Undergrad: 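Please read through the structure below; I'll follow up with questions.
FYI, side chains are in, hydrogens and waters are out, and symmetry mates aren't considered; it's all heavy atoms of this structure. A quick note: this is a predicted structure, and the numbers were derived from the prediction, not measured.
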Amino acid sequence: MEQTYIMIKPDGVQRGLVGEIIGRFEKRGYKLVAMKLASPSVEHLEKHYEDLKEKPFFKGLVSYMASGPVVAMVWEGKDAVKTGRTILGATNPLASAPGTIRGDFAIDVGRNVCHGSDAVESAKKEIALWFPEGIQQYTRAQDAWVYEK
């Protein structure tokens, strides 16, 4: 099964959207295999967003992301990266369809509630960065009701 990294940003945590966001992934059938509330350092966030370091918004993004706690999560399931991004919606909330997290809860790109891995390789890198201690493996009783054999 594929894994993806999803992070609820400070705006999502402060607005009390954590349960709603987790619920959307669970209702879709994805399995939560790691989660923690974290207050990342600027250095940690610079490493996470290193691919954006040349962008003019980088400094503001890192500063904002360090402004409050985030919820770091690993979700597992079939095509988790692509479908996770679909559940989140477009990066620009104004281009996000209703029914997506960003389409329902956000207006500005700089306050778009969540981060989601954009590829399998970046998911692996982000999971290793945020969960160096590893993740929990378990079998859900309902897996037979989510996946065909």
Side-chain angles (χ1 to χ4, degrees), residues 1-93 96 100-106 108-144 146-147:
M1 286 288 151
E2 190 173 281
Q3 294 180 337
T4 192
Y5 176 73
I6 301 290
M7 176 172 47
I8 303 173
K9 296 179 179 182
D11 56 316
V13 173
Q14 294 295 332
R15 292 175 58 200
L17 298 174
V18 173
E20 173 76 27
I21 292 164
I22 290 171
R24 289 188 184 209
F25 280 86
E26 286 183 327
K27 287 173 188 168
R28 185 65 186 260
Y30 287 95
K31 180 170 82 170
L32 183 62
V33 294
M35 180 174 77
K36 63 183 168 185
L37 184 67
S39 294
S41 67
V42 168
E43 295 77 23
H44 188 89
L45 291 163
E46 286 173 343
K47 189 167 188 173
H48 175 82
Y49 287 113
E50 68 186 350
D51 60 319
L52 301 175
K53 67 183 172 189
E54 300 303 322
K55 301 287 186 181
F57 59 82
F58 178 74
K59 186 175 179 179
L61 172 63
V62 169
S63 175
Y64 164 68
M65 291 296 296
S67 71
V70 300
V71 176
M73 300 176 287
V74 179
W75 289 93
E76 185 176 276
K78 188 175 184 180
D79 210 11
V81 172
K82 181 180 175 186
T83 305
R85 303 266 308 168
T86 300
I87 293 168
L88 294 182
T91 302
N92 180 348
S96 292
T100 64
I101 291 167
R102 291 174 177 153
D104 290 349
F105 300 119
D108 281 335
V109 173
R111 300 291 183 269
N112 67 359
V113 183
C114 286
H115 163 84
S117 299
D118 60 3
V120 173
E121 286 307 311
S122 61
K124 289 177 183 176
K125 180 179 169 190
E126 291 170 349
I127 291 166
L129 177 65
W130 289 89
F131 294 93
E133 68 277 12
I135 58 171
Q136 181 67 45
Q137 292 297 327
Y138 65 99
T139 301
R140 293 184 304 185
Q142 78 232 32
D143 280 354
V146 175
Y147 296 105

Undergrad: Give me the atom names and distance for the closest heavy-atom approach of S96 to G89.
TA: OG-C, 3.6 Å
Undergrad: For residues 4-14, dump all side-chain donor-acceptor pairs below 3.5 Å to protein atoms at least two apart in sequence or in another chain.
TA:
residue: K9; atom: NZ; partner: N112; partner atom: OD1; Å: 2.7
residue: D11; atom: OD1; partner: Y64; partner atom: OH; Å: 2.6
residue: D11; atom: OD2; partner: V113; partner atom: N; Å: 3.0

Undergrad: Apply salt bridge (charged side-chain N to carboxylate O under 4.0 Å, His left out) to R111 and D108, showing your working.
TA: CA-CA 5 Å; R111 300 291 183 269; D108 281 335; over 6 Å; no
Undergrad: Mind listing the side-chain donor-acceptor pairs of residues 34-47 below 3.5 Å, one per line with the distance, residues two or more places apart or on another chain?
TA:
residue: K36; atom: NZ; partner: W130; partner atom: O; Å: 2.5
residue: K36; atom: NZ; partner: E133; partner atom: OE2; Å: 3.4
residue: S41; atom: OG; partner: H44; partner atom: N; Å: 3.0

Undergrad: Thinking salt bridges, do D51 and K125 make one under a 4.0 Å N-O criterion?
TA: no
Undergrad: Measure the shortest side-chain to side-chain distance between H115 and E126 over non-hydrogen atoms and say whether it is less than 4.5 angstrom.
TA: yes
Undergrad: Which heavy atom of D118 sits nearest to which heavy atom of S122, and what is that distance?
TA: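 Heavy-atom minimum between the residues: OD1-OG, 2.7 Å.
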Undergrad: Would one find more than 12 heavy atoms of other residues, nucleotides or ligands at under 6.0 Å from atom CZ of R24?
TA: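 Above 12, so yes.
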Undergrad: Please output the side-chain donor-acceptor pairs of residues 76-84 that fall under 3.5 Å, not counting sequence neighbours, one pair per line with the distance.
TA:
residue: E76; atom: OE1; partner: Q3; partner atom: NE2; Å: 2.8
residue: E76; atom: OE2; partner: K31; partner atom: NZ; Å: 3.4
residue: T83; atom: OG1; partner: Y30; partner atom: OH; Å: 3.3
residue: T83; atom: OG1; partner: D79; partner atom: O; Å: 3.1

Undergrad: List the atom pairs, donor and acceptor, that lie under 3.5 Å between side-chain atoms in residues 52-62 and the rest of the protein, sequence neighbours left out.
TA:
none

Undergrad: When rounded to the nearest 0.5 angstrom, what distance separates CG in D143 from CE in M1?
TA: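 If I round to the nearest 0.5 Å, the distance is 7.5 Å.
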Undergrad: How would you list, by chain and number, every residue that makes a ring-ring contact (aromatic ring centres under 6.0 Å, His included) with F105, sequence neighbours excluded?
TA: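 With neighbours one apart ignored, the set is empty.
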Undergrad: Quick one: CZ on F25 to CD1 on I87, what's the gap to the nearest 0.5 Å?
TA: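 Going from the CZ atom of F25 to the CD1 atom of I87 covers 4.5 Å.
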Undergrad: Would a 4.5 Å heavy-atom cut-off, applied to side chains only, mark I22 and M73 as touching?
TA: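 They are in contact (side-chain heavy atoms under 4.5 Å apart), so the answer is yes.
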Undergrad: What pairs with T86 under side chain to side chain donor-acceptor pair (under 3.5 Å), at least two apart in sequence or on another chain?
TA: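 T86 satisfies side chain to side chain donor-acceptor pair (under 3.5 Å) with no residue once adjacent residues are dropped.
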Undergrad: Distance check, rounded to the nearest 0.5 Å: I101 atom CD1 versus C114 atom SG?
TA: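 Taking CD1 in I101 and SG in C114, the distance rounds to 5.0 Å.
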Undergrad: Heavy-atom distance under 4.5 Å between the side chains of W75 and E26, does that happen here?
TA: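 A side-chain contact exists here, since the closest heavy-atom pair is under 4.5 Å.
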